[in-house]
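These notes concern the structure reproduced below.
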Amino acid sequence: MPSVTTIAEIGKHEGQLVTIRGWLYNLRESGKLLFPIFRDGSGVIQGVVPKSAVPPEVFDAVKGLTQESSVIVEGKVRADKRAPGGHELDVSNVQVLQRVAENDPYPISLKEHGVDFLMEHRHLWVRTPRQAAILRVRAEIIKAARDFFDERGFTLTDPPILTPAACEGTTTLFPVDYFDEQAFLTQSGQLYIEATAMALGKVYSFGPTFRAEKSKTRRHLTEFWMVEPEIAYATLEDLMELAEGLITFVVKRCLERRRPDLQTIGRDVSKLEKIKTPFPRITYDEAVKLLQDAHAKGALENKFEWGGDLGSPDETYISSQFETPVMVHRYPAKVKAFYMEPDPQRPELALCVDVLAPEGYGEIIGGSQRTASYELLVKRIHEHNLPEEAFKWYLDLRKYGSVPHSGFGMGIERVVSWICSLEHVRETIPFPRMLHRLYP
RNA sequence: UCCUCAGUAGCUCAAUGGCAGAGCAUCCGGCUGUUAACCGGAGGGUUGUAGGUUCGAGUCCUACCUGAGGAGCCA
């Protein structure tokens with residue numbers, strides 16, 4: 001058997017006889033000339049099988065192939081200007097591992113399909129070139145984020161998935177029976193990495209989080225992945241610099257390493273090429289003014305009043321005013337989580353920041369400086385009607401060498417959705433979990 | 001939880017209250033450069049469920065089920 005290669009690497013074997021191992025993506029035929037298209041997970045290539053050039057059994061084997069049948073193919077690599085990838089394979093032999101039965105054909109044809117049907121067949125949908133490209137971009141984004149923190153002296157510390165109580169108490173949690181005790185799936189690792197930050201200085205976590213909210217929008221999953229850095233002695237200003245640094249690093253990496261995938265997806269990369277630091281920073285007060293002006297001009301339906309949290313249409317409007325992500329900071333403390341440090345200049349504001357992605361994608365990062373004072377934190381826990389005893393360990397962090405510290409969470413799926421310019425986050429993760437989706 | 005929309009062949013969709021259809025997929029036949037190939041033919045249906053109006057319902061009415069888009073909430 002000639003040496004095995006991948007379709008992505010096939011250009012390096014021009015003129016050579018190679019073996020590729022994969023699946024039949026499509027078969028076109030023109031009389032005694034067959035054009036099987038193979039995929040192997042790294043890419044797609046068209047084979048050419050003239051009846052006159054191969055043994056009859058090879059021609060018949062290819063002619064009888066059904067979509068997604070698994071095959072090991074031998075052939076000679078030939079450069080061809082007509083081929084989308086620049087190369088074709090003159091097939092000399094085919095070994096069929098498993099032929100898909102014609103009375104039960106591969107359900108996902110090359111034509112258009114509806115969302116529900118595709119989601120019901122997600123285990124097969126991931127094979128299509130566009131979906132595979134998105135998953136490669138996702139992997140690159142995760143790798144880039146981890147490299148970013150690893151290269152800057154952060155230590156990866158994994159928070160627990162099973163937790164005894166609400167981290168923030170506000171959103172709905174998935175309950176789990178833990179040996180007859182009530183436990184919940186984590187909705188954020190933040191509180192735990194505040195502890196490890198006090199131990200290691202600069203830490204981050206990367207893992208799944210769970211929210212039992214009945215959200216039904218293109219931005220929500222019930223199970224999603226977050227990257228969360230937490231840094232001892234960092235201020236809100238430090239945090240904003242870190243956030244814009246992380247985002248530009250990730251975008252640049254995708255442009256460097258996943259450009260062909262972005263093209264497969266149909267992403268207008270020129271918009272990503274404009275992402276440079278520093279990002280515009282506007283205060284909540286300025287954002288309110290922007291929204292009220294927009295309402296006056298008729299660009300926004302609802303009049304925004306100071307004091308409320310930004311709604312989805314509000315975020316969309318603000319982010320549409322900029323070509324790079326924009327950072328909105330210092331929201332009213334009332335609409336934010338209990339653990340956020342008040343602004344010493346204006347205590348009614350929290351030292352927090354949301355990063356809104358451009359092109360209407362909205363919030364991809366939310367972060368804040370954390371309350372350092374024991375007394376204030378106890379007060380806030382009571383104000384939010386949270387059980388103080390559940391936060392005893394968290395309050396200990398303010399009793400034993402409390403320092404200013406800050407951190408944020410970046411939602412991986414929303415970043416993937418923005419970088420790939422997708423309609424919905426359900427395509428950013430291999431098996432999305434949503435309000436009405438637990439299968440497959 | 002609320003608002004809006006949809007459910008017809010395996011898939012994507014069409015059908016003025018009057019014989020349930022097309023494209024793709026599958027099967028058979030044709031084509032030596034096809035690019036979601038094309039051309040000819042065949043098979044394929046309890047129109048989401050239950051009731052109602054009507055001579056007659058895929059179509060109109062009621063309830064329910066399922067899904068989608070959005071709001072709220074959030075990353």
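Residue numbering restarts at 1 for every chain, and letters A, B, ... go by the order of the sequence lines.
For A:K216 and B:A68, a side-chain-to-base donor-acceptor distance below 3.5 Å is present, hydrogens and geometry of angles not being considered. Counting atom types as modelled, A:R28 pairs no side-chain N or O with a base atom of B:C31 as donor and acceptor under 3.5 Å. For B:G33, the base has a donor-acceptor partner in the side chain of A:E88 [N/O atoms by modelled type, under 3.5 angstrom]. One donor-acceptor pair, N or O on each side, does fall under 3.5 Å between the base of B:U32 and the side chain of A:S52. In the interface, the side chain of A:H220 is paired with the base of B:C74 through a donor and an acceptor atom under 3.5 Å apart. Taking only distance into account, the side chain of A:S215 meets the base of B:C73 through a donor-acceptor pair shorter than 3.5 Å.
Of the candidate nucleotides B:G72, B:U34, B:A75, B:A75 has the atom lying nearest to any side-chain atom of A:M226. Considering only the side chain of A:V48, B:G33 comes nearest among B:G70, B:G33, B:C27. Picking from B:C74, B:G67, B:G72 the nucleotide with the shortest atom distance to the side chain of A:R211 gives B:C74. Distances from the side chain of A:R219 to the nucleotides B:C74, B:G10, B:A75 place B:C74 closest. Distance from the side chain of A:L33 is smallest for B:U32 among the nucleotides B:U26, B:A71, B:U32. When the nucleotides B:A75, B:C27, B:U32 are ranked by their closest atom to the side chain of A:P50, B:U32 comes out on top. The listed nucleotides are B:C74, B:G70, B:G33; the one nearest the side chain of A:D80 is B:G33. In this structure, of B:A25, B:C31, B:G70, it is B:C31 that holds the atom nearest to the side chain of A:S30.
Under the Watson-Crick or G-U wobble criterion, with both distances below 3.5 Å, B:U4 is paired with B:A68. Across every strand in view, B:A15 sits unpaired, with no contact that passes the Watson-Crick or G-U test at under 3.5 angstrom. Using the Watson-Crick or G-U wobble rule with both distances under 3.5 Å, B:G44 pairs with nothing in any strand shown. Using the Watson-Crick or G-U wobble rule with both distances under 3.5 Å, B:G29 pairs with B:C39. For B:C73, there is no paired base (Watson-Crick or G-U wobble, both distances below 3.5 Å). Nucleotide B:G58 is matched to nothing when pairs are restricted to Watson-Crick or G-U wobble geometry with both distances under 3.5 angstrom. Look at B:A20: it lacks any Watson-Crick or wobble partner with both distances under 3.5 angstrom. Under the Watson-Crick or G-U wobble criterion, with both distances below 3.5 Å, B:U53 has no partner in any strand shown.
Nucleic acid contact class of A:G362 (heavy atoms, under 4.0 Å, all strands): none. Note on A:N26: only backbone sugar-phosphate atoms sit closer than 4.0 angstrom, heavy atoms only; bases stay farther off. A:L221 comes within contact range of at least one nucleobase, with a heavy-atom separation under 4.0 Å. Note on A:E112: a base of the nucleic acid sits closer than 4.0 angstrom, heavy atoms only. Note on A:D309: only backbone sugar-phosphate atoms sit closer than 4.0 angstrom, heavy atoms only; bases stay farther off. At the heavy-atom level, A:E29 lies under 4.0 Å from base atoms of the strands shown.
Look at A:R78 and you won't find any side-chain N or O under 4.0 angstrom from OP1 or OP2 of B:G33. A sub-4.0 Å separation between OP1 or OP2 of B:G69 and a side-chain N or O of A:R426 is present. An OP1 or OP2 oxygen of B:G67 is reached within less than 4.0 angstrom by a side-chain nitrogen or oxygen of A:H436. Phosphate proximity of B:A71 to A:S312: present, with a side-chain N or O under 4.0 Å from OP1 or OP2. In this structure, A:K214 reaches the B:U1 phosphate: one of its side-chain N or O atoms is under 4.0 Å from OP1 or OP2. Of the side-chain N and O atoms in A:H121, none sit less than 4.0 angstrom from OP1 or OP2 of B:C11.
Each of A:P107 and A:R437 was assigned the nucleotide of RNA chain B with the nearest heavy atom; the assignment lying further toward the 5' end belongs to A:P107. Each of A:F117 and A:Q67 was matched to the nucleotide of RNA chain B holding its nearest heavy atom; the match closer to the 5' end belongs to A:F117.
Proximity of A:L351 to A:S368: side-chain heavy atoms (C-beta onward) are nowhere separated by under 4.5 Å. Between A:R39 and A:E68 there is a side-chain heavy-atom pair separated by less than 4.5 Å.
Atom CH2 of A:W125 is separated from atom C1' of B:U12 by 15 Å (rounded to the nearest Å).
With A:S42 contributing its side chain and A:I7 its backbone, the two residues share a donor-acceptor pair below 3.5 Å. Looking only at distances, no side-chain donor or acceptor of A:T66 sits under 3.5 Å from a matching main-chain atom of A:S69.
B:G33 has no base stacking with the ring of A:F35 when judged by centroids under 5.5 angstrom apart and an interplanar angle below 30°.
In this structure, A:R152 is positioned above the aromatic face of A:F249, its NZ or CZ under 6.0 Å from the six-membered ring centre and within 45° of the axis.
Taking the C1' atoms as reference points, B:U16 lies 15 Å from B:G56, given to the whole Å. Rounded to the nearest Å, the gap between the C1' atom of B:U8 and that of B:C13 is 9 Å.
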>> Run the salt bridge (charged side-chain N to carboxylate O under 4.0 Å, His left out) test on A:R414 and A:E315 for me, step by step, so that the C-alpha distance in whole Å, both residues' side-chain angles and the decisive distance to 0.1 Å come before the verdict.
In response: CA-CA 14 Å; A:R414 288 191 181 174; A:E315 287 185 359; 5.8 Å; no
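At most 12 non-hydrogen atoms from other residues, nucleotides or ligands lie less than 6.0 angstrom from NZ of A:K252.
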